[in-house]
Each structure stands twice: as C-alpha cells, then as structure tokens.
Amino acid sequence: MTPLTRTVRTYLDHLSVERGLSRNTLTSYQRDLDRYVAFLRKDGLGKDDLAAVTPRDLTAHLAALRAGDDDHPPLSASSAARAMSAVRGLHRFAAREGLVAVDVSREVRPPAPPKRLPKALSLDQVERLLAAPAGDGGLVLRDRALLEFLYGTGARISEAVGLDVDDLDEDTVTLHGKGGKTRFVPLGSYARAALDAYLVRARPLLITGGKGTPKVFLNARGGPLSRQSAWAILHRAAATAGLPIEGPLAVSPHTLRHSYATHLLDGGADVRVVQELLGHASVTTTQVYTLVTVDRLREVYATSHPRAR
C-alpha cells in the first residue's frame, strides 16, 4: 500500500468510526477520493504521496473535474465543489494528524455554485393555493389556517408546526426560529380569520381524541402535526390548485416563504424589514430576493414601456 492510499484509507476509517458518517456518504467520499488519487497518479504528475501535492495540483484537479474526460462527464460548479470538499477534508485531516507538514488545500478555493433564485408564486397562484381547501370540516379548516399562516407570516414549516397557542396574540405571532432565536411577526387579517375559525370550530374537536398538547396545528388524532404531514397538506393543495408538484418548479414547503418575501419587496418593503420578518441573521441572505424583484421590474418594463422593444 502506497503512502497516498494509506492516508486515504486512514481518513475514511476516521469518517466511519469517529464521525459516524452513513454508508452512502462514505461511498460518495470514497468515489471522490478515488478519482483524486487516480488524477495524482496519472502521467505528468505521478504522485503517490500526499506530502508531494502542491496547491497547483489541486487547482488542476478542480479544472479536470469541471472539464470531464473519457470516463467522467463535466461536473457543474456545485458538484465539483462537493467533490473538492472530500479532497479538502483529506488534506485537512492529514495536516492535523501530522501526516503532512501543511494543508495545501487552504490555498485553493472551491468553485462558487451559481446563486439560485428562490421560487415565488404569483399573487394569482397564491390565491388559488389558499382557496384549495374547500368546505367546513375540521381538517379543512386546519389546512386553510396552516396555508394562510405560512403565507401571512413567512414562517418556516418547522416554525409553523412548532407553534404553541400561547404564541398567538391578537395581531402578532411569536416565532421560534433557528438557533433558538425568537422574533415577532405581524399577523394579517386573512391569517387571523383562518386561525380563529380553526381554533374555535375545529381544534377543540381534534384535541378531544388526543392527550392534550399546546401546539396550534394538530393531526386527526389530536397530536401535534408533523413536518411531513404539513408538507402533504401543501402538496395536496398545490395539486388541487393546478400548481406543479414535481420537477424544479414544484411547490415546496418553502415556496410560500419565498413568495411572502418577494411580494413584500415588490410592494415596496425595505430589505432590512424583510430581513427581520424572515429571521435572517444577515441581510445578505435576504438580498437574494431583491434579484427576483429586479427580474419582475424588467418584465414590467418590457411589457409596459412603449420604447422597451
């Protein structure tokens, strides 16, 4: 066994035993590192020891990943970044364990994946989605309240299913976000009306079959609604509304949150205010939504201005 393959084997053992990575993840790491080892051994490099690798070698490997070869198709920026993550982890581990003198991967930046714009529904699509739960049954009232709440507050799906009755005030709601952070968000009249109808006419009937829980949204047995069940409610409503439920444009639990932010900005809301409403730690995260609104401005300009075309 060569020094290079011995180092790779030791690193994979570390990932398996000490970090407890899943078999599928280990298989992905193995595949990425096997390709890296093959690259280092090929004609022109012929390196079989990690200590002999230079930053230029890593840059060349990254370029090879992006270009592809006879055995591998070209990788996208995101896929190449994932493959390089395994390589960087190997070099980091080897330096920490004293197997090499320095971590040469620190000088090589992985490719930045393209910034994907959030998917946002049009106002017409939102109205169709929110109107999808039809009738006055208890579960229908719950579904309508959940959908109105998600769009009316921009809450994450985890924040919605984790909501307690005491978190609701007359016109505000307390959301418990990531990292234990709490924020207060206004509750619009449509969401408030849907919640009132559910809390008064449906939730008491649902909770009688359960053991009692402070959660707002309940399942048919009276227990807390799960994330999976909330997703299923949205999926069912999207299908009823004729919205995509498969493929890259499929409506997901985050779609209403994206739509909430985009529609606020379209309506003139300040990006800092939207940042607070969404619970983003940095305004940079929120600013991706401004790209959506710029696209919307271009669309309006192109269809409205007499000299646009």
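For the single chain, residues carry numbers from 1 onward in sequence order.
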Check whether any side-chain heavy atom of L206 lies under 4.5 Å from a side-chain heavy atom of Y198, and answer yes or no. yes
Hydrogens and angles aside, do H91 and Y36 bring a side-chain donor and acceptor to less than 3.5 Å of each other? yes
Looking at R96 and D103, is there a salt bridge between them, counting it only when a charged N and a carboxylate O are closer than 4.0 Å? no
What pairs of residues pass the salt bridge (charged side-chain N to carboxylate O under 4.0 Å, His left out) test when at least one of them lies in residues 123-135, not counting sequence neighbours? D124-R128
Full working for side chain to side chain contact (heavy atoms under 4.5 Å, CB included) between H263 and V126: CA-CA 11 Å; H263 296 166; V126 169; 3.8 Å; yes
Considering only heavy atoms from C-beta outward, does the side chain of S229 approach that of N219 to under 4.5 Å? no
If hydrophobic clusters are built from ILVMFWY residues whose side chains come within less than 4.5 Å, do L150 and L123 share one? yes
Tell me yes or no: between the side chains of T5 and T2, is some donor less than 3.5 Å from an acceptor? yes
Hey, what do you get for CZ (R272) to NE2 (H280), rounding to the nearest 0.5 Å? 13.0 Å
Using atom types as modelled and distance alone, determine if a side-chain donor or acceptor of R88 lies under 3.5 Å from a backbone N or O of V108. yes
Taking T262 for the side chain and A120 for the main chain, is one N or O donor matched with an acceptor at less than 3.5 Å? no
Kindly indicate whether the side chain of L256, heavy atoms from C-beta on, has any atom under 4.5 Å from the side chain of L129. yes
Counting N and O atoms only, with roles assigned by atom type, does the side chain of R142 sit under 3.5 Å from a partner on the main chain of L218, one being a donor and the other an acceptor? yes
Following the transitive rule for hydrophobic clusters with a side-chain heavy-atom cut-off under 4.5 Å over Ile, Leu, Val, Met, Phe, Trp and Tyr, establish whether I245 and I233 coincide in one cluster. no
For T213 and R203, work out which heavy atoms get closest and say how close. O-NH2, 2.8 Å
Rounded at 0.5 Å granularity, tell me how far CG in L243 sits from OG in S122. 8.0 Å
What pairs of residues pass the salt bridge (charged side-chain N to carboxylate O under 4.0 Å, His left out) test when at least one of them lies in residues 49-65, not counting sequence neighbours? K47-D57
To the nearest 0.5 Å, how far apart are CG in L21 and OG1 in T27? 11.0 Å
I'd like to know if the side chain of S85 and the backbone of A81 have a donor-acceptor N/O pair within less than 3.5 Å. no
Main chain of R156, side chain of E159: is a donor-acceptor contact present, judged purely on distance under 3.5 Å? yes
Are side-chain N/O atoms of D167 and H176 paired as donor and acceptor at under 3.5 Å? yes
For residues 63-75, which residue pairs qualify under side chain to side chain donor-acceptor pair (under 3.5 Å), counting only residues two or more places apart or in two chains? D69-H72
Is there a donor-acceptor contact under 3.5 Å from the side chain of T59 to the main chain of P55? yes
Would you say L249 ends up clustered with V251 if hydrophobic residues are merged whenever their side chains have heavy atoms under 4.5 Å apart, either directly or through other cluster members? no
Using a strict 4.0 Å threshold on nitrogen-to-oxygen distance, state whether R192 and D196 make a salt bridge. yes
Measure the CZ-CG distance between R6 and L4 for me, rounded to the nearest 0.5 Å. 10.0 Å
Determine yes or no for a side-chain-to-main-chain donor-acceptor pair under 3.5 angstrom, with T172 supplying the side chain and D169 the backbone. no
What closest approach, in Å, do V161 and S226 show between heavy atoms, and which atom pair accounts for it? CG1-O, 3.9 Å
Determine whether L175 and F184 make a side-chain contact, defined as any pair of heavy atoms from C-beta on separated by less than 4.5 Å. no
D143/R236 ion pair, N-O < 4.0 Å: yes
Please determine whether the number of non-hydrogen atoms from other residues, nucleotides or ligands lying under 6.0 Å from atom CZ of R109 exceeds 12. no
Specify the closest pair of heavy atoms between P74 and A67, including all atoms of both residues, with the distance to one decimal. CG-O, 3.4 Å
If we only count heavy atoms from C-beta on, is the L199 to V216 side-chain gap below 4.5 Å? yes
How long is the span from the CG atom in L33 to the OG atom in S28, to the nearest 0.5 Å? 10.5 Å
For H14 and T10, indicate whether the former's side chain and the latter's backbone hold a donor-acceptor pair under 3.5 Å. no
Is L195 reachable from V140 through a run of I, L, V, M, F, W or Y residues, each pair having side-chain heavy atoms under 4.5 Å apart? no
With a 4.0 Å cut-off, would you call R82 and D32 a salt bridge? yes
Euclidean distance, M84 CE relative to S105 OG, rounded to 0.5 Å: 7.5 Å
Test log, rule side chain to side chain contact (heavy atoms under 4.5 Å, CB included), inputs H61 and V87: CA-CA 10 Å; H61 177 58; V87 172; 4.2 Å; yes
Heavy-atom closest contact (L278 atom, G154 atom, distance): CD2-O, 4.2 Å
pair V173-P186: side-chain heavy atoms closer than 4.5 Å: no
All heavy atoms of A250 vs all of T255, minimum pair found to be O-OG1, 4.1 Å
Honestly curious: do L147 and Y190 fall in one hydrophobic cluster under the side-chain, below-4.5 Å linking rule? no
Close side-chain approach of I157 to W231, heavy-atom, < 4.5 Å: no
Treating R257 as the side-chain partner and A155 as the backbone partner, does any N or O pair qualify as donor plus acceptor under 3.5 Å? no
Which heavy-atom pair separates L146 from A160 by the least distance, and what is that distance? CD1-CB, 4.1 Å
Are the aromatic ring centres of Y260 and Y151 under 6.0 angstrom apart? no
Short question: side chain of E148, backbone of A145 - any donor-acceptor pair under 3.5 Å? no
Go through the steps for F39 and L65 under the test side chain to side chain contact (heavy atoms under 4.5 Å, CB included), then give the verdict. CA-CA 10 Å; F39 174 82; L65 293 174; over 6 Å; no
Could you please spell out the steps behind the side chain to side chain contact (heavy atoms under 4.5 Å, CB included) verdict for L163 and K215? CA-CA 6 Å; L163 189 72; K215 300 304 175 190; over 6 Å; no
Does some side-chain heavy atom of L12 sit less than 4.5 Å from a side-chain heavy atom of Q30? yes
